[in-house]
Trainee: 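I'd like to ask some things about the structure below.
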Amino acid sequence: MLAGIDIGGTKVAVCLARPGSAGAAPQILDRVHQPTAKTGGPDALARQALALLDEACARQQLGRAQLAGVGVSSCGPFVKQGGHIEVANPNICGGLAGAAAGPQDNDWVQVPLQAPLAQALGGTPLRIANDAVAALEAERRWGALAGVDDCAYVTWSTGVGVGLCVDGRVLAGRNGNAGHAGHTFVGDVSGSAPVCGCGNRGDVESLVGGGSLAARLGVEGPALLAAAQRGDAQALAQVRGLCTLMGRLLYNLVATLDLARISLGGAVFLHHQALLLPLLREQLHQHFPVLTRGVQLVPAGLGAQVGDYAALALLSGQASGTR
């Protein structure tokens, strides 16, 4: 039995699965989840992941020691502390942006992940990777990026994350943070620009991330997108503005890395893809056709389960990650 832990800025989910045969996707047997822990001590996130793992194992009448491996797909960025991965994610760590971001749930700037999980799991194999990189691995194995050597996975959810593959090689980077394009800039960065949870002003995540929309536009993301889908002119104009910004990010990825296909996931996108996908395609392909002609934007082939399969992909074959 394999276990996958998917850690995001909104929720933590744990699934148990049996390996697939002949290269097929694992068979998910059980899944539990909770809103992401953001109060208590800095070890609250790791303790929550372990508690959910124990709950899933109990439902399948298993103990931790019976697991063949645990894959952890976590939002980042990552920081190495004593050789172990800690998480410094703006949607979890309230201390990153400082006073400019206003009241927060906590004052954390990074939280331990690898060390407490490894200690609790003993000799059970553990593999950790950035969630977008892990999702890229899953999409390349079992989803919409299969057989594509130059590709990216982009998640548009509470935050904005990216996994990158060039010439058939998945990019990891110095600390496993390659692909954090949600903290790049596509617009105004002046003092009037919104503050991201990381402390940046005007980065992509602060402008279009699902966690930023209520403060920036005065309406929660689901309500805004639902209104746009109903044809509300003001809402549709705002959504077009969001897609202009996301389109710039997608173009920058294509122009920089010469990509052939981008798979799109995340709650914001997947719940409203009928509205968003044509707008994003329009934005991408209006820029420099020499670079963008033929580039495919497609929904994640694994759909809403991409986070679960992302964690499980880290336990399959040659997935890149950190032991």
Side-chain angles (χ1 to χ4, degrees), residues 3-14 32-56 64 70-122 124 126-135 155 157-161 163 172-180 182-183 195-200 203 205-206 209-212 307 310-311 314 321-323:
I5 301 175
D6 178 29
I7 298 174
T10 300
K11 72 176 186 304
V12 176
V14 172
V32 294
H33 62 92
Q34 290 178 349
T36 305
K38 298 180 183 179
T39 58
D43 64 344
L45 181 65
R47 288 191 290 104
Q48 179 183 38
L50 289 166
L52 286 170
L53 179 62
D54 287 341
E55 179 182 345
R64 291 179 192 168
V70 177
V72 181
S73 162
S74 174
C75 56
F78 292 158
V79 177
K80 297 286 184 66
Q81 187 71 34
H84 292 123
I85 289 172
E86 299 196 349
V87 174
N89 179 265
N91 296 304
I92 295 175
C93 299
L96 285 172
Q104 300 293 313
D105 294 321
N106 59 65
D107 60 358
W108 308 336
V109 292
Q110 61 195 65
V111 295
L113 183 64
Q114 186 176 3
L117 291 184
Q119 181 178 12
L121 292 171
T124 301
L126 171 67
R127 197 156 199 160
I128 301 173
N130 173 264
D131 54 357
V133 175
T155 180
S157 190
T158 305
V160 176
R174 179 170 54 99
N175 289 311
N177 291 326
H180 270 82
H183 298 292
V195 179
C196 178
C198 72
N200 283 341
D203 65 9
E205 191 162 300
S206 71
S212 72
L314 300 176
T322 301
R323 287 194 186 279

Trainee: Between Ala46 and Pro112, which heavy-atom pair has the shortest distance, and what is it?
Mentor: CB-O, 3.8 Å

Trainee: Could you grab the distance from atom CG of Leu126 to atom CD of Gln119, nearest 0.5 Å is fine?
Mentor: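 Answer for the CG-CD pair, Leu126 versus Gln119, is 12.5 Å.
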
Trainee: Could you tell me if the side chain of Pro77 sits less than 4.5 Å from the side chain of Pro90, heavy atoms only?
Mentor: yes

Trainee: Show every side-chain hydrogen bond (donor to acceptor under 3.5 Å, both in side chains) that has at least one partner inside residues 32-42, sequence neighbours left out.
Mentor: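 For residues 32-42, and leaving out neighbouring residues, the side-chain hydrogen bond (donor to acceptor under 3.5 Å, both in side chains) pairs sorted by first residue read Gln34-Gln48.
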
Trainee: For Asn89, check side-chain contact (heavy atoms from CB on, under 4.5 Å) against everything at least two apart and list the hits.
Mentor: Cys75, Val87, Asn91, Ile92

Trainee: Which heavy-atom pair separates Asp203 from Cys198 by the least distance, and what is that distance?
Mentor: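 That closest heavy-atom pairing would be OD2-SG, 3.5 Å.
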
Trainee: Taking the side chain as every heavy atom from C-beta outward, state whether Leu113 and Ser74 have any atom pair closer than 4.5 Å.
Mentor: yes

Trainee: From Leu314 CG over to Ile128 CD1, what is the distance, rounded to the nearest 0.5 angstrom?
Mentor: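 If we round to the nearest 0.5 Å, Leu314:CG and Ile128:CD1 are 9.5 Å apart.
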
Trainee: Indicate yes or no: at least one non-hydrogen side-chain atom of Val70 is less than 4.5 angstrom from one of Leu121.
Mentor: yes

Trainee: For a 4.5 angstrom cut-off between non-hydrogen side-chain atoms, does Val72 reach Arg127?
Mentor: no

Trainee: Report yes if the side chains of Asp6 and Val12 come closer than 4.5 Å at any heavy-atom pair, otherwise no.
Mentor: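 Sidechains of Val12 and Asp6: no contact.
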
Trainee: Ignoring hydrogens and angles, write down the donor-acceptor pairs under 3.5 Å from the side chains of residues 173-180, residues two or more places apart or on other chains.
Mentor:
{"residue": "Asn177", "atom": "OD1", "partner": "Phe78", "partner atom": "N", "Å": "2.7"}
{"residue": "Asn177", "atom": "ND2", "partner": "Phe78", "partner atom": "O", "Å": "3.0"}
{"residue": "His180", "atom": "ND1", "partner": "Asn177", "partner atom": "O", "Å": "2.9"}

Trainee: Considering all heavy atoms of both residues, which atom of Ser73 and which atom of Ala310 are nearest to each other, and what is their separation?
Mentor: OG-CB, 3.8 Å

Trainee: Could you walk me through whether Ser206 and Asn200 pass the side chain to side chain contact (heavy atoms under 4.5 Å, CB included) check?
Mentor: CA-CA 8 Å; Ser206 71; Asn200 283 341; over 6 Å; no

Trainee: Side chains of Lys11 and Pro35: closer than 4.5 Å at any heavy-atom pair?
Mentor: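 Result no, sub-4.5 Å side-chain heavy-atom pair not found.
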
Trainee: Under a 3.5 Å threshold, yes or no: a donor from one side chain and an acceptor from the other, between Thr158 and Thr10?
Mentor: yes

Trainee: Does atom CD of Glu55 have more than 12 heavy-atom neighbours, drawn from other residues, nucleotides or ligands, at distances under 6.0 Å?
Mentor: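 Yes.
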
Trainee: If I compare all heavy atoms of Val109 with all of Ala88, which pair ends up nearest, and what's the gap?
Mentor: O-CB, 3.4 Å

Trainee: Can you tell me how far CG of Leu45 sits from CH2 of Trp108, rounded to the nearest 0.5 angstrom?
Mentor: 7.0 Å

Trainee: Distance check, rounded to the nearest 0.5 Å: Arg64 atom CZ versus Asp54 atom CG?
Mentor: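 That separation rounds to 4.0 Å.
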
Trainee: So do the side chains of Ser212 and Cys196 get within less than 4.5 Å of each other, counting heavy atoms only?
Mentor: no

Trainee: Show the nearest heavy-atom pair for residues Gly4 and Ala311, with the distance to one decimal.
Mentor: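 Closest approach of Gly4 to Ala311: CA-CB, 3.6 Å.
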
Trainee: Between Gln114 and Glu86, is any pair of side-chain heavy atoms under 4.5 Å apart?
Mentor: no

